[in-house]
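Below you'll find the structure, written out as structure tokens, and then a few comments.
Whatever order the structure lists them in is the order used to number ligands and atoms, beginning at 1.
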Amino acid sequence: MEFLAFGKPNAAEPLAERWALDTLPPFPAIALKALNLMAGTDTALPELCNLIRSDPAFSTAILRLANSPLVGFSKEITSVLQASILLGFRRLKSVVITVALKSYLADSYTPILKNCWRHSIACATIAEWSAKWNWFDKDFAFTAGVLHDIGRVALATVMPKSYARVIERGADQSQDLLQSERELCGIDHCQAGRSLVTVWNLPEAFIEITSCHHDLETHARGAASLVPPSCALADALGFTVVQYRSASSYAKILAQFPEPARSRFPADGKALAAEIANEINIIESA
Ligand SMILES: [Fe+2]
Ligand SMILES: [Fe+2]
């Protein structure tokens, strides 16, 4: 797989920016291209398909998933195009990002990172689902959900021991978690996320999503506004990295979603959690 190299860190940059440049391995070029494609407003299936076809690791993962008994197509799938059409754009996006992240993290795919990842996919699934009801851009909502905690993935990769201590310490709510991260890692996951998205040159909208999704006074609009409640709901449904001691109830979190999405959620979170868990298992089998 081809890799992009980061530029040399500049001493004048703030600590948060330098941190990512200094310590993180480069992100796979194809994954960056895919993220940029998915973050755009005119993403088309054939474009993503061509990108996947150009990389053996991605092609193999897509074909393996299409032929997996979990997906259950009746005939053998032999081409990426055929697999992409049958799997649908939604699963294709999830698989591309999951494969990219797994190859990026290689041997350091620890249980903490696995939980970070499951949380992000759960958040993305909820954000996409609610975007559909509010006529927001659902592709953008999905990608935003996947990326919102990328700073935490980075912290847990670069400083696994310090991050394990953050998790051990626990937190009453998200603001305490950020405080713990700053104390034990020197930077919180929102600052780290902002830094990565900037370095990776992703569209500017993702800067706000990665850096402000725990702000109590966030003024995000459109699909971006769905990320904070989707993140909280993913936690409440059990797709969590740190179990907050003062977690909000399911009903209280639903109240943060705009109508009509708010009224479309099931009254009981268990069915929704089971559906999301099933989707994550399918994506992870690639
Ligand atoms: Fe977060
Ligand atoms: Fe989150």
Assert yes or no for the condition that the ring centre distance of H119 to H148 is strictly below 6.0 Å.
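Between H119 and H148, the centre distance is under 6.0 Å.
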What pairs meet the ring-ring contact (aromatic ring centres under 6.0 Å, His included) rule with one or both residues in residues 225-264, with sequence neighbours excluded?
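Matches after skipping sequence neighbours: F257-F265.
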So which pairs with a foot in residues 232-253 pass salt bridge (Lys or Arg N to Asp or Glu O under 4.0 Å), sequence neighbours left out?
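Every salt bridge (Lys or Arg N to Asp or Glu O under 4.0 Å) pair that includes a residue of residues 232-253, provided the two are not neighbours, is D172-R245.
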Under the salt bridge (charged side-chain N to carboxylate O under 4.0 Å, His left out) test, residues paired with R182 that sit two or more places apart
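By the salt bridge (charged side-chain N to carboxylate O under 4.0 Å, His left out) rule, R182 matches D188.
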When you check the space around the Fe ion (ligand 2), which protein N, O or S atoms turn up under 2.8 Å?
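Only H119 NE2, H148 NE2, D149 OD2, C231 SG fall inside 2.8 Å of the Fe ion (ligand 2).
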Side-chain H-bond candidate by donor/acceptor type, N115 with R118, under 3.5 Å:
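The criterion, which ignores hydrogens and geometry beyond distance, is not satisfied for R118 and N115.
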So, Q175 and Q179: side-chain donor and acceptor under 3.5 Å apart, yes or no?
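Distance-only check fails for Q175 and Q179.
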